Trainee: 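First the structure, then my questions, so here it is.
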Amino acid sequence: IKDGDESDSSGGEGGRRRWCRLPQTVDTFGFHLNLKHFALVMLFVSMTMGSVGFVLFSCFLSIYTLNQRRSSSSGGGSSRWKDGKVSGANIKGVGDLPKAPKGG
């Protein structure tokens, strides 16, 4: 007996989840924001700049994202985008910064 919370691996709801899954972070002009923080930024933009500013911000963000994906796919070497996600280092705190060289 299944309670409906379990998904069967033979297609069904598992296929729908794959299409409806949201990314964990959003690259916002180089800042990798969680979805909650991205939503707050978008709310702040819409409140401060109005509907026209919101549309312009969204358009410029889309252009930036397309440009980043296009430049990484034609770059050859290491790619920033892998499977629709940004890969690479993300500095989250002071401990993630490189150490200063010792000596003088």
Side-chain angles (χ1 to χ4, degrees):
I1 299 173
K2 294 185 180 180
D3 60 355
D5 291 337
E6 300 173 18
S7 64
D8 194 20
S9 62
S10 62
E13 192 170 325
R16 278 186 247 138
R17 284 186 187 172
R18 199 174 329 136
W19 287 101
C20 297
R21 191 175 66 200
L22 294 173
Q24 294 294 322
T25 60
V26 179
D27 183 6
T28 310
F29 302 111
F31 297 98
H32 301 284
L33 303 176
N34 295 333
L35 287 178
K36 181 173 35 173
H37 297 141
F38 179 70
L40 289 174
V41 166
M42 296 303 279
L43 178 67
F44 181 73
V45 167
S46 66
M47 287 174 41
T48 58
M49 293 195 279
S51 59
V52 174
F54 180 78
V55 169
L56 285 173
F57 183 83
S58 300
C59 288
F60 287 132
L61 183 60
S62 299
I63 292 168
Y64 169 80
T65 303
L66 289 173
N67 187 29
Q68 289 294 320
R69 289 186 182 191
R70 190 177 307 135
S71 66
S72 68
S73 65
S74 65
S78 64
S79 175
R80 279 188 48 144
W81 291 91
K82 183 177 182 182
D83 297 329
K85 299 177 187 173
V86 177
S87 62
N90 187 9
I91 297 173
K92 296 185 181 203
V94 176
D96 297 333
L97 294 171
K99 304 290 185 236
K102 293 184 177 181

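It should be emphasised that the depicted structure is a prediction, and the values quoted were computed from it without experimental measurement.
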Trainee: Given the rule that I, L, V, M, F, W and Y join up when any side-chain heavy atoms are under 4.5 Å apart, are L61 and M49 in one cluster?
Mentor: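 Linked within one cluster.
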Trainee: Checking F57 now: which residues fulfil ring pair (Phe, Tyr, Trp, His ring centres under 6.0 Å) with it, not counting sequence neighbours?
Mentor: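 Checked F57 against ring pair (Phe, Tyr, Trp, His ring centres under 6.0 Å); matches are F29.
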Trainee: Main chain of G30, side chain of Y64: is a donor-acceptor contact present, judged purely on distance under 3.5 Å?
Mentor: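 Checking the backbone N and O of G30 against the side chain of Y64, a donor-acceptor pair under 3.5 Å is found.
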Trainee: Once side-chain contact (heavy atoms from CB on, under 4.5 Å) is applied, do any residues pair with L56, and if so which ones, sequence neighbours excluded?
Mentor: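 For L56 the side-chain contact (heavy atoms from CB on, under 4.5 Å) partners, ignoring immediate neighbours, are V52, F60.
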Trainee: For residues L35 and V41: do they belong to one hydrophobic cluster (side chain heavy atoms under 4.5 Å, members Ile, Leu, Val, Met, Phe, Trp, Tyr)?
Mentor: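 Looking at the clustering, V41 is in the same group as L35.
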Trainee: Any donor-acceptor pair under 3.5 Å linking the side chain of N34 with the backbone of H37?
Mentor: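 No, N34 side chain to H37 backbone: no donor-acceptor pair under 3.5 Å.
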Trainee: Taking ILVMFWY side chains as joined if any heavy atoms are under 4.5 angstrom apart, and letting links pass through other members, which residues group with F44?
Mentor: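 Grouped by the 4.5 Å side-chain rule, F44 forms a cluster of one, so the answer is none.
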Trainee: Any non-hydrogen side-chain atom of T25 less than 4.5 Å from a side-chain atom of L33?
Mentor: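 They are not in side-chain contact.
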Trainee: Consider only side-chain heavy atoms of I, L, V, M, F, W and Y, link residues closer than 4.5 Å, and tell whether F31 and F54 are in one cluster.
Mentor: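 Yes, because F31 and F54 connect within a single hydrophobic cluster, where side-chain heavy atoms sit under 4.5 Å apart.
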Trainee: Just verifying a value: how many Å separate R70 CZ and T65 OG1, rounded to the nearest 0.5 Å?
Mentor: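 Nearest 0.5 Å value for the CZ-OG1 distance: 11.5 Å.
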